[in-house]
There are 2 protein chains.
Amino acid sequence: MTVRSYVRGQDIVRDGDRPSECCLILAGFAFRYKLLPDGRRQIMAFHTPGDMPDLQSLHLQVTDHGVAAMMPTQAAFISHKKMQVLTGRFPGLLHAFWRDTLIDAAIVREWLVGNGRRDAHERIAHLICEMLLRFKGVGLAPSDTFNLPATQADIADALGLSNVHVNRVLQDFRRDGLITWTNYTVSVLKWDELQVRGTFDATYLHQVHKAAA
Amino acid sequence: MTVRSYVRGQDIVRDGDRPSECCLILAGFAFRYKLLPDGRRQIMAFHTPGDMPDLQSLHLQVTDHGVAAMMPTQAAFISHKKMQVLTGRFPGLLHAFWRDTLIDAAIVREWLVGNGRRDAHERIAHLICEMLLRFKGVGLAPSDTFNLPATQADIADALGLSNVHVNRVLQDFRRDGLITWTNYTVSVLKWDELQVRGTFDATYLHQVHKAAA
DNA sequence: CGGTTGTTTGAGTTCAGTCAAACCGGGTGG
DNA sequence: CCACCCGGTTTGACTGAACTCAAACAACCG
């Protein structure tokens, strides 16, 4: 097992690789993304410490998307061989990993709904709701405030919008007193209303402890 | 194990259920979908005979989306208990199921890219490319022609477009001699050009036999 | 032969994109 | 210590892809 460090923007896993190890985020923030030939980018997930964004490499030879750091980030790498030994010995672990990839997929599906059928305001409200609950679940948002090292352009690429439009929607939400969002720090001021604006329903997160919010 | 029959539009798995069994499509066609409170719909996957759209229910208590029949369809239901016995006895099966859910997720991610960053022409071209390769893989498109029991409104709900716009794009593709699409039968006439128009790259399908096309 | 479902066409609208410039704060080097 | 730069945010003006609404058309079916 090796640990490596990354700076903002650096690839942790490269699209097209054939990894022989899985990575575990130890500290920092990462996202998964795909690029179209002409440079358009779609971000498909945000990852916090404790996540293993790369579990699929255990079964799928070639990686079909990249993982990049959003800020100084440390990741541990565990060889597939060792993973197999571990899961062979502790079948519970195997099911936990599988479950993890299933929740991951559930979140991507919800994003698909957003990019397909929600308008810009709904998408952004929904994303904030999701972040807050997920971050609460892992202790990254003890109050209704959390740190999110994403630029407005990153948010745009996650939600299929332009950075300009993200900016305008955020201003609307600020004007309406729903949130504050400065300096990579997000605070949710009116949770209930934000949920409504985002047509948010937390079922898809499959959280065991229904985090109160 | 029980077998049930469904008509077009009927739910095979209902959103919000707590299933105690997994379903296997035996014949027909199905899709997975979510509805927003006001009725907007997002289709998240199409399924052919042999697929198990519901594998996630093995690990996630409550279903976060529906599965519905696109035409007269038969599905077999296998209890979770039996699934556990099977996978316990044949660990290879367990990994095959996991792998299947991973590919499923990879396809959803690619759809996310489409709905987020591809325009209408690209989305539709991409979907046709994907369908052709997947259907070839399971013998449903021996030539470059296949049956797809989806209305233009279904396609619209899969791609985050309006039915009217889908119609207009299809006319463009027909005019350019890329495809024909009548009576639920799709033929790809210019595979190479269609791939270009859809910025299609088959990596994400993780097909073992690189299906020639 | 009506009724129903799906496709096609036309006209007008809008949400979000593009382009371009101004602004702002933090870091750096002269 | 300040001028400059750079990444990120904000603002304004204009554009356009895709949507909505509404009606016509076509095919199928009982």
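Scope of the values below: all heavy atoms of this structure, side chains included, with no hydrogens, waters or symmetry mates. Chain letters run A, B, ... following the sequence lines, proteins first and then strands; every chain starts at 1.
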* **Set of residues satisfying side-chain hydrogen bond (donor to acceptor under 3.5 Å, both in side chains) with respect to Asp176(A), sequence neighbours excluded** => Arg197(A)

* Asked: Who passes side-chain hydrogen bond (donor to acceptor under 3.5 Å, both in side chains) against Asp119(B), sequence neighbours left out?
  -> none

* Could you check how far CD of Glu122(A) sits from P of dC15(C), rounded to whole Å? => 12 Å

* Taking only residues two or more places apart in sequence, or in another chain, which ones meet Asp38(B) in a side-chain hydrogen bond (donor to acceptor under 3.5 Å, both in side chains)? -> Arg40(B)

* Asked: With respect to the phosphate group of dT7(C), does any side-chain polar atom (N or O) of Gln171(B) fall under 4.0 Å of OP1 or OP2?
  -> no

* Asked: To the nearest Å, how far apart are Trp181(B) CH2 and dG6(C) P?
  -> 14 Å

* Structure fact -> For nucleotides 16-26 of chain C, 5' to 3', base contacts (B), sugar-phosphate-only contacts (S) and non-contacts (-) with protein non-hydrogen atoms under 4.0 Å give BSBB-------

* Asked: Do the rings of His121(A) and His165(A) sit parallel, tilted or perpendicular, given the 30° and 60° boundaries?
  -> perpendicular

* **Those residues that, when tested against Ala153(A), pass side chain to side chain contact (heavy atoms under 4.5 Å, CB included) (two or more places apart)** => Thr151(A), Asn163(A)

* To do: List for me each residue that meets side chain to side chain contact (heavy atoms under 4.5 Å, CB included) alongside Asp17(A), sequence neighbours excluded, and say none if there are none.
  => Arg14(A), Pro19(A), Thr63(A)

* Can you name the residues that form a salt bridge (charged side-chain N to carboxylate O under 4.0 Å, His left out) with Asp54(A), not counting sequence neighbours? -> none

* So, Arg118(B) versus Thr199(B): side-chain donor-acceptor pair below 3.5 Å or not? -> yes

* Asked: How many Å lie between CZ on Arg174(B) and C1' on dT8(C), as a whole number?
  -> 9 Å

* Report yes if a side-chain nitrogen or oxygen of Gln152(A) is closer than 4.0 Å to either non-bridging phosphate oxygen (OP1 or OP2) of dT10(D); otherwise report no. => yes

* **N/O (side chain, Arg8(B)) to phosphate O (OP1/OP2, dT4(C)) under 4.0 Å** => no

* Structure fact -> Bend of the helix from dC1(C)-dG30(D) to dG30(C)-dC1(D) from end-axis comparison, five pairs per end, nearest 10°, comes to 30°

* Structure fact -> Residues passing the ring pair (Phe, Tyr, Trp, His ring centres under 6.0 Å) test with His126(B), sequence neighbours excluded, are Phe200(B), Tyr204(B)

* **Separation of atom CD1 in Ile124(A) from atom P in dT9(D), rounded to whole Å** => 12 Å

* Partners passing side-chain hydrogen bond (donor to acceptor under 3.5 Å, both in side chains) against Asp104(A) (at least two apart in sequence or in another chain) -> Arg32(A)

* Just jot down the salt bridge (charged side-chain N to carboxylate O under 4.0 Å, His left out) partners of Arg123(B), sequence neighbours excluded, or say none. => none

* Asked: To the nearest angstrom, how far is Asn115(B) atom CG from dA17(D) atom P?
  -> 19 Å

* **Side-chain N,O (Asn167(B)) to OP1/OP2 (dT8(C)) below 4.0 Å** => yes

* Quick one: Leu170(A) CG to dT11(D) P, roughly how many Å, whole number? -> 12 Å

* Going by heavy atoms closer than 4.0 Å, what residues in residues 31-41 of chain B are next to DNA chain D? -> none

